[in-house]
Amino acid sequence: MASIYQKHFIKLLIVFWLILFPNISATEPNSLTQSVVIADQISVTQDQKLIASGNVEVLYGSQQLTAQSIIYDPNTETLQILGPIQLTDGQSTTILADTGELHQDLKSGILRGARLVLDDFIQLATVQLNHNAGQYSKLHKTVATSCQICEKDDVPLWQIRAREVIHDQNEKQLYFYDAHLRVKDLPILYLPYLRLPEPSIDRSSGFLIPSIRTTTQLSTGIKIPYFQELGDHADITITPYLSTRTHTLNLNYRHEFWQGRIALEGSVTRDDLIPHTNRGYFLVAGGFALKNKHELYFDIEWASENAYLYDYDLPNKDRLDSEIALTRTGKNSFYRSSFTHFQSLREGEIENEIPTLLTDFDFRRRYFPKVIDGELRLQLLAHANRRSSSLNEKGRDIAQTNINVSWLRSKIFANAIKVDWQLGVLTNFFRVKQDLNFPSSARQTTPYGTLSFRLPVTRSNATETDIIEPVMQIGWSKDSGGVSSVPELGSAEFDQGSLLSLSRFSTNLAEQNGLALAYGLKWTRINLSQQLTFSVGQVIFDREQEQQGHHPALSHKTSDLLFAGQLTTSAGVTLTARTLVDRDLNIANAEFHGTFIGRKNKFDFSHILMSSNPSKSRLGTVSELNFEGSVKLNHNWDVNANLSYDVSDHRGIKNGVGFTYVNECVEINFSINRHNTSSENIRPATEFQFNVVLRGFSSSKDSQKQVQSCKG
C-alpha cells in the first residue's frame, strides 16, 4: 500500500503528464485533447522521456490502456509498452498483447502477440497487429474463433486460420485472406476471401449459413441464402436450392415504411416431380396506417398446386386466400370493407363451382342517448360472392345486405342478480342468381329479444375461492322470408361463447326462429397453486329446428349438452377440454388440449373428435391426435419430437424427431420428419435436415450467449 505521501506524489505526476500531452488537432475543438496516466511509479529521464511502471493505466477519450510499464518519448510522440497489455475502445472491442509501440493517441502502432476480442464473443489471435489511425487493424497469421480456449495448447472446436485479416472498425467488418476453416485442427474448407460482420452488427449483406435438406422425393440438396441490404429499411434474401432433382430459387423481400410495411416471399422451381413444368408459389403481405385512423391490410397468396407446398415444406393450406381490406376503429364505431379471392388446392374440388370472389362490408356504431338508458347499436353488413361457373346451382351467385338495430341495457339488483335485456330488429335482403332453388330476390325481417339472468355466488377462505355462476336466457325471434337455408350464410358453432346467443353463425346474417331457453352453470375454484373452471350448458327450442348452419347439435328441439373445463396450475400445466353429448348420451364432438411448460421441458398435446356431417363433406368420424414436445437434456443438448395420428384410419399423418446441440461457439441442428399424406399428386415422403451455425457473427448471434466453463 502506498503511503499518503506517495499518493500525493502520484497526483502531482498525473498533472505533469497532462501538461506533457499536446492537443490532438486544432481543427477538432470538441475532441478530448488530454490523456491521464496512473501508475505505481513515474519518472522522467534526462532526455525528457517519461517512464511509468507498475499497474499502469492510460485514459484517452473512450480508450483505456493498461500495461506493466510504458515509456513515452515526446519527440516521436510514441509509447513503448511492455505487457501484459489490454487496450479497450468502448464496450465492444478489446485488444490483448505482449508488447507494442503506439502513438500517443492510442490509435496507431504495432502490437505483438496480440489477441483481438469483439463483443466478448469473437477472438482473433495474431502474431502482429498493426493499428492504423483508429479505423483499420491488420492482423498477420491469424486464428479466429468464438470457442472458449481453456488451456494454452487447447484446439478449439472450430477455427478460421488466415494469412491476413483486416478489421474495419468504422464499417465493423472482418476481411479474411487465404482463409481455412478447420474443425479440431482438421482443414475442411479453403476460401481465398471471406468477409464476416462483427457480432454487434444486426444486418450485413453477404452469404448466410447454408443448410442441407434430404427428402425421398427430391434427394439431397443444399440451400445457400444470400442477404442483401437495400438501405436502412429494406432487404432481400435470395436462396438457391439445388439438388440432383430440383433447381429452385427462393426470394424473400422486406420493406419498412414510415407508416407501414411490405413482406414478399416466393419461389420458382423446375424439378423431376413434374417434369418440364414451372412450379412455384407467391406470397405478399403488408399493412399501412392511413389518414383519419384508417388502416389498409393486404395479402396475396398463390401456388401452382397443393403438392408444391407439401414437397417444399411450406404451409400446407388447401385453400389460398388473397385479400385487401380497409378498416377504421373509433371509440364508438367500426368500419371494415374487404375484397377476397380464393384459390382451391383441394383434391377433387372444382374451383369454378365454389365462391372464389367475395366482397364484404361491415359498419358498426354505438349510441348512448340521454332520453333512454342503455346502449343503441346499429350494424350494417353486406356480402357478395361469385362463382366462375355459369351452370344452374353450381354457379350460384349471392348478394346479401343485413341491417341490425338493437337496444341493450344491464342492471344489477340488490340481491346481486344481474339482468341483461336486448331488443332489436334484423332485416336481410337477398339476391340470388343461377340457382332456381331460390327466388331471385327476397327480404327477411326478424324482430328479436333476449332476457338474461346471472347470479354469481362466492365462497372463500384463507386458501381458496369458489365462484358459482348460474346463467339463463330467454330468447325469441320470428323471421319472415324463409331463405335462411342458403349455404353462404355460414356454418354454426356451439360453444361457451355462443350459448347465450340467438345467432351462432359465423356471420350475423341469420337468426334462430322461435322461442328458446338457454341455461348453463359455471364453477370456478381459485387457490394458490391452481385455477379450475367447469361449465355446462344447453338450449331448448319451442319447435323442431332446421339443421342450423349444418350443425347437428342444434338440429332438434333440444340441443346437445355442452361441457367445457380448464385447469391451470402454477407448475406450468394447462388443460382445456370441450365436448358435446347428444340425446343418446354419445359424444358427438370433443376437443382436448394440454400444455406443460417447465424449466427444461415443454409438451403440447391435443385430440379432436368430430362426428360425421355429410353437409360439410365429412362422411365419417374424424379422430386425430397431435403431440409436440421438447426436452433439454443438459446444458448443450435439446431433443424435440412431433406426432400426428389419425385414430379413425389407424395411420400416422406426420411424425418426426430433431436434435440440437448448442455451446458458446456452434449450433448443430438435425431433424427427421415423415409425411404419410397420400393422394393423387402427393406421395408419402421422408425428410432430413441438417445445418451447422458458427455462432458469434451477426448472422448467427444469440441474445443469450452460452459460455463454456473451464474446469480446473
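Numbering of residues begins at 1 and proceeds along the displayed sequence.
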ring-ring contact (aromatic ring centres under 6.0 Å, His included) partners of Phe298, counting only residues at least two apart: none
Sub-4.5 Å side-chain heavy-atom contact between Arg431 and Asp397: no
Partner set under side-chain contact (heavy atoms from CB on, under 4.5 Å) for Leu575, not counting sequence neighbours: Leu567, Val573, Phe592
Ring pair (Phe, Tyr, Trp, His ring centres under 6.0 Å) assessment of His255 paired with Phe257: CA-CA 7 Å; His255 198 137; Phe257 298 90; 4.1 Å; yes
Side-chain heavy-atom pair Trp523, Val457 within 4.5 angstrom cut-off: no
Residues Arg254, Arg261; criterion side chain to side chain contact (heavy atoms under 4.5 Å, CB included); working and verdict: CA-CA 8 Å; Arg254 303 180 301 176; Arg261 62 179 61 90; over 6 Å; no
Spacing of Arg525 atom CZ and Ile468 atom CD1 [to the nearest 0.5 Å]: 9.0 Å
Over 12 non-hydrogen atoms of neighbours within 6.0 angstrom of NE2 in His294: yes
Sub-4.5 Å side-chain heavy-atom contact between His383 and Leu358: yes
Check: Leu515 and Ile474 side chains under 4.5 Å, non-hydrogen atoms: yes
From CA spacing to verdict: side chain to side chain contact (heavy atoms under 4.5 Å, CB included), Glu393, Leu436: CA-CA 7 Å; Glu393 188 175 351; Leu436 299 178; over 6 Å; no
N/O donor-acceptor pair under 3.5 Å between Glu301 side chain and Asp321 backbone: yes
Whether Ser267 side chain and Phe282 backbone form a donor-acceptor pair below 3.5 Å: no
Considering all heavy atoms, the nearest Lys394-Ser389 contact: O-CB, 4.0 Å
Intermediate values then yes/no, side-chain hydrogen bond (donor to acceptor under 3.5 Å, both in side chains), Ser205 and Gln228: CA-CA 4 Å; Ser205 299; Gln228 178 63 52; 3.2 Å; yes
Side chain to side chain, Thr401 and Leu380, heavy atoms closer than 4.5 Å: yes
Under the salt bridge (charged side-chain N to carboxylate O under 4.0 Å, His left out) test, residues paired with Glu591 that sit two or more places apart: Arg578
Cationic N near anionic O, under 4.0 Å, Arg364 to Asp362: yes
Separation of Tyr448 OH from Leu423 CG (nearest 0.5 Å): 9.0 Å
Distance, nearest 0.5 Å, that separates CG of Leu357 from CZ of Arg386: 6.0 Å
Least distance between heavy atoms, Pro447 atom then Lys478 atom: CD-O, 3.0 Å
Heavy atoms from other residues, nucleotides or ligands near CZ of Arg319 exceed 12 (cutoff 6.0 Å): yes
Exceeds 12 heavy-atom contacts within 6.0 angstrom, atom NZ of Lys317: yes
N/O donor-acceptor pair under 3.5 Å between Ser304 side chain and Gly280 backbone: yes
Least distance between heavy atoms, Leu314 atom then Tyr308 atom: CD1-CE2, 3.8 Å
Check: Val471 and Lys522 side chains under 4.5 Å, non-hydrogen atoms: no
Greater than 12 external heavy atoms within 6.0 Å of Leu290's CG: yes
Step-by-step side chain to side chain contact (heavy atoms under 4.5 Å, CB included) determination, Thr239 to Asn252: CA-CA 8 Å; Thr239 307; Asn252 192 314; over 6 Å; no
Nearest-0.5 Å distance that lies between atom CG in Leu609 and atom OG in Ser623: 5.0 Å
Glu351 side chain to Ser344 backbone, donor-acceptor under 3.5 Å: yes
Short side-chain donor-acceptor distance under 3.5 Å, Asn402 and Gln400: no
Neighbour count above 12 (heavy atom, 6.0 Å) for Arg366 CZ: yes
Closest approach of Ala234 to Tyr253 (non-hydrogen atoms, all atoms of both residues): CB-OH, 4.2 Å
Modelled atom types, side-chain donor and acceptor of Thr576 and Gln566, under 3.5 Å: yes
Side-chain donor-acceptor pair present, Ser559, Gln538, cut-off under 3.5 Å: no
Distance, nearest 0.5 Å, that separates NZ of Lys602 from CZ of Phe596: 12.0 Å
Any donor-acceptor N or O pair under 3.5 Å, side chains Glu323, Tyr297: no
Whether Arg328 side chain and Asn292 backbone form a donor-acceptor pair below 3.5 Å: yes
Backbone of Thr533 reached by a side-chain donor or acceptor of Thr524 within 3.5 Å: no
Straight-line distance of Arg459 CZ to Glu464 CD, nearest 0.5 Å: 5.5 Å
Over all atoms of both residues, closest heavy-atom pair of Asp373 and Trp407: O-NE1, 2.8 Å
Nearest heavy-atom neighbours spanning Lys172 and Ser200: CD-OG, 3.7 Å
Minimum side-chain heavy-atom gap Thr329-Lys293 below 4.5 Å: no
Non-hydrogen side-chain atoms of Tyr281 and Leu320 separated by less than 4.5 Å: no
Ring-face cation contact, Tyr367 with Arg365, 6.0 Å cut, 45° max: yes
Trace of the side chain to side chain contact (heavy atoms under 4.5 Å, CB included) decision for Leu251 with Leu264: CA-CA 8 Å; Leu251 179 71; Leu264 182 149; 4.0 Å; yes
